[in-house]
**Q** 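Sharing a structure here in structure tokens format.
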Amino acid sequence: MKLRYYIALLLAKMSVIALKITKHNGTNFPGAVAVKICPQFLQYADKPKRIIGVTGTNGKTTSTNLICDVLEQAGLKVLSNRAGSNLNSGISTSLINGMNIFGKQKYETAVFEMDERSALKLYPYLKPDYLIVTNLARDSIGRNAHPEYIFNFLNNALKIVEDKTTLILNSDDPVSSNLGKGNKRIFMGMADCNANPFVNSSPDVSYCPDCGGKIRYNYRFYRSIGNFYCEDCSYSTPEAKYFAEDVDLKGGKFTVKEGDSRTEFPLLSNTVFNALNELALIGLLRELGFENEKIFDLLSNVKITDTRRESAVEYNGVQYCVYAAKGQLASSSSTIFEFMAKEESVKDLVLCMDEETSGTHPDETLTWMYEADYEFLNRDNIHKIIVCGHMCKNTKLRLLLAGIPEDKIVTVFNEHDAKYHVSREGIEKVYVLNEVDSVRRGFKVRDEIVEYFKGLDRNE
Amino acid sequence: MKRIEFLYPEYCFIFAENYNVDYLKRSSAEIEVIETNHKETPKFVTEDVDMVYIGCLTEKKQEDVASLLMPYKERIIELIEKGTVFLVTGNSIELFGNYIKDKERKIDCLGIFNYYAERYMDVVRHNSLFIGEFDGMEIVGHRSQFSFIYGDDFKPFMNLTKGIGMDKKSTVEGVHVNNFFATYSLGPFLVVNPLFAKYILKLMDIDTPLLFEKEAVEAYEVRLDELKNGIRKEAK
Ligand SMILES: [Zn+2]
């Protein structure tokens, strides 16, 4: 069996060299080759002594990047899959990259983003020392079904590593805070920061996992995340070891209470979502033995990357922005709609959130459209909504049911026709919301709008 | 007033199933919706209602609801025989069969219809779309599930012209007896199928147009055309 492993490693290593020569980086190919030849590759592979895993529905990538940046800032050599996939093949590729040709691991610390559905393929072999779970929310219906399913799936996988893996959990998530009762658990909590989130019509969780009673909140941060309790039993936000107080999103600082000590830290972003990601990072660093002063210094020197996923150009006093959205995902779509509503500028929205129409056959299960809160877009500052793509008529119906006046809605089957309908007056911004997997599409639509207006002005 | 009882809404709308009831209510001022939670005895037990709706559940809650409904089995049969409208969507359809098999476990269900379901939780979730025919109407369905129904001793809701039926080999989908309709299709089934929504309203003697009927029919026609002929870049 081990012979297979060495053959797999050798071929994978050779493929790394081949990819370098042909300038193909950041691919999962070497790992995919290794796993194909030796399905137990992850089990046999030499691994870093300390492995930190990051999982959860939203915020995995942001958190993984942040942890890597901070640990590198602290002088550690960190192996990670940030350039590749969060599946078995992506993590195997990272391990291969970290090994010398004799299969000896060169790194002592690894930070791996881990796909939830891959837990059973990853946890038993990687046996992470720490696993941060950001949250569990509505995700792809086709792959992840519903949050309770993912909860059970992760929980079963965690039983295998009960004596090894310490969980770092968001105490304000009614779903994920209940994970891993047999594992050592560190809870992170936060005081109310007047986030004033909108109420979602399809919440991620609505009833207590213990008794089925209604979940209620003392205060909420976003979606179903907040200081919760069950109406009928004692199920509630667990007591946090690290508790953030005096959260000043605008002023960019918060204080973390640990026992009797209180330490102020800079906030890396002005969103409550990232404050929670940063809090998990601080908890991890404390558990790894970093002093608070050191953590303060480290946080003063890093940035959260790619938080707003926004790119803007200005023409004639109007900002034309591209904003990555995850179409077909109710929770992230609702979050973006909430952002568009709260961002005060008067704007036109160009929705390019259809499944990528690479194939000719539709496979979209359109339930997500009704789980997502299009109602949030029913605001005065949303001036017009131009819906692009083959689902435009279905989206229009959804917008009408959400209460949006018909005269604000335009449908175009072909996204290249969007430019004919964008307002030229009475707005401050245009947002093109594009499917995150087809970023170029969003930029193309945005640039076409600007070019079209420039052309009109030249001909005047 | 026509009364629709929405059973266990706190459990039964994981994929926006609440839109089925909402859509009917918003279409007609004659409709009153009674939401019954899991702590309450359903209204239909002691009173006649015009329609009962139950939607999709998580696997755990599906088992809880099987136990909750068990004492009312005879009453449900009585109502079906009487012609009360039932709409059952998603995996709630399994509750009306004999049992659900999950590896070695057997979860007893109402046994009103002669079929059983089997779960395959370790297998990749099944996702597909289908087109079915019922009473001269074409019906669009969305499915995403871990389980299938086996047995052929029941009257199907639709004959399929595209997609798979109750199990992967079946060409029929759902159950239809008197005014009882059950389908595996998820989510806002009636919004996606406005013709069938009108049919349901007519069963309750309501003859008003649907809310945004023109747009709903247009969206339905585009969807149907896509499922038959593939995605078009331009409008027809
Ligand atoms: Zn409870």
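Protein chains get the first letters and strands the later ones, always in sequence-line order, with residue 1 at the start of each.
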**Q** When rounded to the nearest 0.5 angstrom, what distance separates CG in B/Asp122 from CZ in A/Phe153?
**A** 8.0 Å
**Q** Which region of B/Lys60, side chain (C-beta onward) or backbone (N, CA, C, O), has a non-hydrogen atom less than 4.5 Å from a non-hydrogen atom of chain A, or is it both or neither?
**A** both
**Q** Is there a side-chain contact between A/Leu397 and B/Tyr220, using heavy atoms and a 4.5 Å cut-off?
**A** no
**Q** In terms of heavy-atom pairs under 4.5 Å with chain A, which of B/Pro188, B/Gly187, B/Ser128 leads?
**A** B/Pro188
**Q** Any idea which heavy atoms bring B/Lys61 and A/Glu148 closest together, and the distance?
**A** N-OE2, 4.4 Å
**Q** Hey, which of B/Glu10, B/Glu17, B/Arg26 has the most heavy atom pairs under 4.5 Å with chain A?
**A** B/Arg26
**Q** Go through B/Val192, B/Val191, B/Leu211 and name the one with the most non-hydrogen pairs under 4.5 angstrom from chain A.
**A** B/Val191
**Q** Is A/Cys211 close to chain B through its backbone or its side chain, or both, or neither, when contacts mean heavy atoms under 4.5 Å?
**A** backbone
**Q** Flag the one option from A/Thr411, A/Leu401, A/Thr367 with the top tally of heavy-atom pairs under 4.5 Å to chain B.
**A** A/Leu401
**Q** Flag the pair B/Phe15 / A/Tyr370 as yes when their ring centroid distance falls below 6.0 Å, and as no otherwise.
**A** no
**Q** When you look at NZ of A/Lys214, are more than 12 heavy atoms from neighbouring residues, nucleotides or ligands closer to it than 6.0 Å?
**A** no
**Q** Evaluate the ring planes of A/Tyr207 and B/Tyr11, with Trp represented by its six-membered ring, and classify them as parallel (under 30°), tilted (30 to 60°) or perpendicular (over 60°).
**A** perpendicular
**Q** Where do A/Ile141 and B/Arg125 come nearest, in terms of heavy atoms and distance?
**A** O-NE, 2.9 Å
**Q** Output the distance between atom CG (B/Asp225) and atom NE2 (A/His390), rounded to the nearest 0.5 Å.
**A** 12.0 Å
**Q** Nearest 0.5 Å, please: how far is CZ in A/Arg143 from OG in B/Ser144?
**A** 12.5 Å
**Q** So what's closer than 4.5 Å to chain B heavy atoms on A/Asp204: side chain, backbone, both or neither?
**A** neither
**Q** Is it the side chain or the backbone of A/Ser202 that comes within 4.5 Å of chain B heavy atoms, both, or neither?
**A** both
**Q** Quick one: what part of A/Leu120 sits under 4.5 Å from any heavy atom of chain B, side chain, backbone, both or neither?
**A** neither
**Q** Check whether any side-chain N or O of A/Arg138 sits under 3.5 Å from a backbone N or O of B/Ile14 as a donor-acceptor pair, and report yes or no.
**A** yes
**Q** Between A/Ala145, A/Ser206, A/Gly213, which shows the greatest number of heavy-atom pairs under 4.5 Å with chain B?
**A** A/Ala145
**Q** A/Ser201 versus chain B, heavy atoms under 4.5 Å apart: side chain, backbone, both or neither?
**A** backbone
**Q** Heavy-atom count check: over 12 atoms from other residues, nucleotides or ligands less than 6.0 Å from A/Lys408 NZ?
**A** yes
**Q** Which heavy atom in B/Ala219 sits nearest to a heavy atom in A/Lys393, and how many Å separate them?
**A** CB-O, 3.6 Å
**Q** What residue in B/Lys39, B/His142, B/Arg143 has the most heavy-atom pairs under 4.5 Å with chain A?
**A** B/His142
**Q** If I compare all heavy atoms of B/Glu215 with all of A/Leu400, which pair ends up nearest, and what's the gap?
**A** CG-CD1, 3.4 Å
**Q** Side chain, backbone, both or neither: which part of A/Pro147 has an atom under 4.5 Å from a heavy atom of chain B?
**A** neither
**Q** Heavy-atom distance under 4.5 Å to chain A: side chain of B/Tyr19, backbone, both or neither?
**A** side chain
